[in-house]
Amino acid sequence: MPELPEVETVRSALALELPGRRVTAVAGRSVSMRRPLDVEALATILPGRRFLQPRRRGKFLLLDTDPPGSLLIHLGMSGRLMLVDSAAAHRPHTHVTLTFEGGRELRFVDPRRFGLMTWLEPDAEGTDPSLITLGREPLDGAIDEWLPPMLKMRRAPLKTLLLDQRVVVGVGNIYAAEALWRAGIHPTRQGRRTSLGRLARLAREVRSVLTEAIEQGGTTIRDFATPDGDSGYFAVRLQVYGRQGQPCKACGATLRAKTIGGRTTAFCINCQT
DNA sequence: CCAGTATCCTGCAGGC
DNA sequence: TGCCTGCAGGATACTG
């Protein structure tokens with residue numbers, strides 16, 4: 001469900017309320033997730049700790065604490081964090097509930113269980129298998145300088161490369177499709193068969209679409225919401241994602257869809273070459 | 001090393 | 001109405 005703009009939206013919402021809050025209790029039930037969720041371990045470690053300013057790395061959230069350590073969270077496809085009063089209605093598939101002093105709660109809800117919530121010791125961030133393979137942040141530095149040479153070396157479809165978190169982090173199925181459409185590049189085009197000039201344009205479109213989506217609070221297609229329950233407003237600005245069969249907003253041609261790298265990708269056969 | 005596919009899981013929309 | 005199929009914002013363990 002969430003890509004970089006949605007995770008960043010969650011991070012900034014948590015940043016308003018989380019810092020300084022002290023955990024008093026951890027409840028939940030251990031279930032199989034992308035990594036086994038160990039509620040017992042969290043219940044041993046977290047009570048008594050205070051949260052600091054939350055960080056984001058790609059699509060991961062890092063909730064640092066004092067004493068040092070971090071709660072590492074990935075929302076997968078359907079994951080959601082809710083910051084609510086203890087009396088708030090209980091949703092199905094709530095796997096973990098952290099209770100704070102004063103009765104507020106942070107709840108981790110994830111029906112499909114593709115997400116992740118695990119504890120990282122202070123020195124583990126540099127060795128965690130999910131974190132060490134991550135590529136660069138698209139909003140850090142001059143993406144139009146470092147991304148094109150990486151794409152140029154590869155023969156996979158550009159759509160696949162944009163989704164590869166080892167190449168660039170944070171881009172998912174929505175924003176990959178949007179960036180390729182904005183750049184006028186066909187999603188199956190190979191990295192090495194694209195000029196550096198066009199790759200630089202693609203890199204800039206990745207940055208701009210992510211930046212605009214963050215400004216709009218992310219994209220709500222089905223059920224994305226901030227921890228306060230608010231929706232994102234970028235959906236109305238989507239030009240191609242999910243619009244196959246409808247007219248291209250640039251030329252009017254009927255948008256098509258194709259499975260690329262196992263994911264449905266909409267594109268305009270006329271505007272994207 | 002690289003590219004491509006299968007798989008984990010639940011919910012929901014659409015077809016019959 | 002009910003059943004079935006396919007698809008959904010992701011990552012990764014496989015295979016060739």
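Note that these values count all heavy atoms, side chains included, but never hydrogens, waters or copies made by symmetry. Quick note on labels: first sequence line is chain A, next is B, and so on, each numbered from 1. Keep in mind that what you see is a predicted model, and the values were worked out from it rather than measured.
Secondary-structure stems of DNA chain B, taken as three or more successive Watson-Crick or G-U wobble pairs (i with j, i+1 with j-1) under a 3.5 Å distance threshold, comprise B:2-8 with C:10-16, B:10-16 with C:2-8.
Judged by distance alone, the side chains of A:R35 and A:S130 do bring a donor and an acceptor atom under 3.5 Å apart.
Atom CZ in A:F114 sits roughly 12 Å away from atom C1' in B:dG11 (whole-Å rounding).
The P atoms of B:dA3 and C:dG9 are separated by 22 Å, rounded to the nearest whole Å. The separation of C:dT12 from B:dG11, taken at their P atoms, amounts to 24 Å, rounded to a whole angstrom.
Counting heavy-atom neighbours within 6.0 Å of A:R55 CZ, excluding the residue itself, gives a total above 12.
A donor-acceptor contact under 3.5 Å is formed by the side chain of A:R112 with the base of C:dA8.
Residues A:T160 and A:R113 each lie close to DNA chain B; by heavy-atom proximity, the contact nearer the 5' end of the strand is made by A:T160.
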### Query
Going 5' to 3' along nucleotides 11-16 of chain C, which nucleotides have protein heavy atoms under 4.0 Å from the base (write B), which only from the sugar-phosphate (write S), and which from neither (write -)?
SS----
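Distances shorter than 4.0 Å separate none of the side-chain N or O atoms of A:Y175 from OP1 or OP2 on C:dG9. Dashed line: the shortest gap from a side-chain N or O of A:H93 to OP1 or OP2 of B:dG11 is under 4.0 Å.
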Name each donor-acceptor pair under 3.5 Å that joins a side chain in residues 245-261 of chain A to protein atoms two or more places apart or in another chain, with its distance.
none

